[in-house]
Amino acid sequence: MTSGGQNGASGERALSVHPWLVVAAVGVVVAFVNATSDIIEFQRAGVAYRWWEAVVWEATSASIIIAMAPLIGLAVQRWTPRADNLLRTGLIHLGLTVPFAAAHIVAIWISREAIYAAAGARYGFFDDGVAMTALYEWRKDVLIYAAIAATYYGLQRFADRPATARPGDARIELREGNASVFVAPADILLVEAAGNYVEFHTAAKKHLIRGTLASWATRLEAQGFVRVHRARLINRARIRALTPTPSGDLEIALDDGRTVAGSRRYRDALER
């Protein structure tokens, strides 16, 4: 075990950035640029304006998007794009832009109308009609959703990347808190999803690692691990017996005495 930071096997420090912090930072910068651009354009055009209006427009939109960004992160984790499911997950995420845009529209409508009313002014968010306003906002929200989803997906893939291993070292590095634990694949019994984390079970203990089961499934396939459930991988070499259940699922007995459940969805792949 190494301590003092999340170091790879080569001694290089792993960079870990929370996607929400990136989204928040970019959102604040974009809101500032857009608000100041609106003010400058009004001045150049000689249009009468109130500077605080541009600030209200951008601040309300940015704050609501930043607040909802973790929901997009959860959606990316639940429906992670992979080579074998790009069309399906793409359609799912496209569909999710509708409730995302609806929540965004309702929130900015209420907040802006309230701020304008407090200032003794009128905003008129739906003056062009509800349908036209919704379409106008949804177009932009599709791009915003895609950018946030790409940020969560990209940074998660970066955080889950395999560490640079020493020549001849077949162990797997598990970054657990502020330490790196090196475990031989043969010592791992099973791997299970646990929210935003993944649990690695050995005979001795359990390691809780931040990441996704999908990314680890790809990396552990060559080590003899097979998916037996939507939330579980099994080390094929540690299986002692497979027992079908009346529902078509499986009870999987491991060589340390524990028994875990396998889904009939993955039964064929496991038995092969």
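Values in this document were obtained by computation on a predicted structure and should not be read as measured data. In what follows, residues are counted from 1 in the order of the sequence shown.
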Enquirer: Please check: side-chain N/O of R232 versus main-chain N/O of G262, any donor-acceptor pairing under 3.5 Å?
Expert: no
Enquirer: With the threshold set at 4.0 Å, does a side-chain nitrogen-carboxylate oxygen contact exist between E173 and R175?
Expert: yes
Enquirer: Taking all non-hydrogen atoms of both residues into account, name the closest pair between A54 and D38 and its distance.
Expert: CB-CB, 3.9 Å
Enquirer: Side chain to side chain contact (heavy atoms under 4.5 Å, CB included), that's the test. Do E192 and V198 meet it? Break it down for me.
Expert: CA-CA 6 Å; E192 293 183 307; V198 178; over 6 Å; no
Enquirer: When you look at CD of E221, are more than 12 heavy atoms from neighbouring residues, nucleotides or ligands closer to it than 6.0 Å?
Expert: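 Counting neighbours around CD of E221, 12 or fewer heavy atoms of other residues, nucleotides or ligands fall under 6.0 Å, so no.
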Enquirer: If we only count heavy atoms from C-beta on, is the V181 to V183 side-chain gap below 4.5 Å?
Expert: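 Sidechains of V183 and V181: in contact.
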Enquirer: Are the side chain of T36 and the backbone N or O of V33 linked by a donor-acceptor pair below 3.5 Å?
Expert: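 Yes, T36 side chain to V33 backbone: donor-acceptor pair under 3.5 Å.
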Enquirer: Using the side chain to side chain donor-acceptor pair (under 3.5 Å) criterion, which residues pair with R230? Sequence neighbours excluded.
Expert: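 Per chain and number, R230 pairs via side chain to side chain donor-acceptor pair (under 3.5 Å) with no residue.
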Enquirer: Quick check on side chain to side chain contact (heavy atoms under 4.5 Å, CB included): which of V191, D256, L190 does H201 satisfy it with?
Expert: L190
Enquirer: F225 and W216: aromatic ring centres closer than 6.0 Å?
Expert: no
Enquirer: Please report the interatomic distance OH(Y123) to CZ(R112), rounded to the nearest 0.5 Å.
Expert: 4.0 Å
Enquirer: Counting neighbours of NZ on K140 that are heavy atoms of other residues, nucleotides or ligands and sit closer than 6.0 Å, is the number greater than 12?
Expert: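 It does: K140 NZ has more than 12 such atoms within range.
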Enquirer: Write down the atom of I188, the atom of R238, and the distance for their closest heavy-atom approach.
Expert: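 Between these two residues, the closest heavy atoms are O-CG, 3.9 Å.
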Enquirer: Is R258 atom CZ crowded by more than 12 heavy atoms from other residues, nucleotides or ligands, each under 6.0 Å away?
Expert: yes
Enquirer: Are V28 and V26 packed together at the side-chain level, in the sense that at least one heavy-atom pair is separated by less than 4.5 angstrom?
Expert: no
Enquirer: Considering non-hydrogen atoms only, spot the tightest contact between N235 and P185 and give its length.
Expert: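 Closest heavy-atom pair between N235 and P185: ND2-O, 3.1 Å.
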Enquirer: Please answer: with hydrophobic residues joined when any side-chain heavy atoms are less than 4.5 Å apart, are Y197 and L233 in the same cluster?
Expert: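 Hydrophobic grouping puts Y197 apart from L233.
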Enquirer: Which heavy atom in A203 sits nearest to a heavy atom in L189, and how many Å separate them?
Expert: N-CD1, 3.7 Å
Enquirer: Verify side chain to side chain contact (heavy atoms under 4.5 Å, CB included) between D255 and I239, making sure each step is shown before the conclusion.
Expert: CA-CA 6 Å; D255 58 12; I239 297 175; over 6 Å; no
Enquirer: Evaluate the side-chain proximity of T259 to I252: yes if any heavy-atom separation is below 4.5 Å, no if none is.
Expert: no
Enquirer: Supply the atom-to-atom distance I92 CD1 to T97 OG1, rounded to the nearest 0.5 angstrom.
Expert: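 Output value for this atom pair is 12.5 Å.
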Enquirer: Tell me yes or no: between the side chains of T202 and H207, is some donor less than 3.5 Å from an acceptor?
Expert: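 No, no side-chain donor-acceptor pair sits under 3.5 Å.
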Enquirer: With no hydrogens and no angle check, is any side-chain donor or acceptor of Q77 less than 3.5 Å from a backbone partner on G195?
Expert: yes
Enquirer: For a quick test of reading the model, state the closest non-hydrogen atom pair linking I66 to G27 and the distance between them.
Expert: CD1-CA, 4.3 Å
Enquirer: Is I39 reachable from W52 through a run of I, L, V, M, F, W or Y residues, each pair having side-chain heavy atoms under 4.5 Å apart?
Expert: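 Yes: a chain of side-chain contacts under 4.5 Å links W52 to I39.
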Enquirer: Throw together a table of side-chain donor-acceptor distances under 3.5 angstrom for residues 126-135, partners on residues two or more places apart or in other chains.
Expert:
| unit_1 | atom_1 | unit_2 | atom_2 | d |
| --- | --- | --- | --- | --- |
| D127 | OD1 | R122 | NH2 | 2.9 |
| D127 | OD2 | R122 | NH1 | 3.1 |
| T133 | OG1 | G129 | O | 2.8 |

Enquirer: Say whether V76 and L143 are linked into one hydrophobic cluster, either directly or through other cluster members, by side-chain heavy-atom distances under 4.5 angstrom.
Expert: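 No, no single cluster joins them.
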Enquirer: Just wondering, are more than 12 heavy atoms of other shown residues or ligands nearer than 6.0 Å to CH2 in W79?
Expert: yes
Enquirer: Within a strict 4.5 Å, meaning less than it, do heavy atoms of the L220 and I172 side chains meet?
Expert: yes
Enquirer: Please report the interatomic distance CG(L250) to CD1(I234), rounded to the nearest 0.5 Å.
Expert: 11.0 Å
Enquirer: Among F100, W138, Y152, which one satisfies ring-ring contact (aromatic ring centres under 6.0 Å, His included) with Y145?
Expert: F100
Enquirer: Testing the basics here: between H229 and S263, what is the closest heavy-atom pair and its distance to 0.1 Å?
Expert: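 Closest approach of H229 to S263, heavy atoms only: CD2-CB, 4.0 Å.
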Enquirer: To the nearest 0.5 Å, tell me how far R264 CZ sits from R267 CZ.
Expert: 10.5 Å
Enquirer: With rounding to the nearest 0.5 Å, note down the distance linking CG in D141 to CD1 in I105.
Expert: 6.0 Å
Enquirer: Do the side chains of L254 and V228 join up, straight or via other hydrophobic residues, at under 4.5 Å, putting them in one cluster?
Expert: yes
Enquirer: Could you measure the distance from the CZ atom of R210 to the NE2 atom of H18? Nearest 0.5 Å is fine.
Expert: 5.0 Å
Enquirer: Residues in side chain to side chain donor-acceptor pair (under 3.5 Å) with W57, at least two apart?
Expert: Y116
Enquirer: Membership question, hydrophobic clusters at under 4.5 Å side-chain separation (ILVMFWY): are F125 and Y136 in the same one?
Expert: no
Enquirer: Applying side chain to side chain contact (heavy atoms under 4.5 Å, CB included), run through I64 and S111 and close with a yes or a no.
Expert: CA-CA 10 Å; I64 292 163; S111 59; 4.2 Å; yes
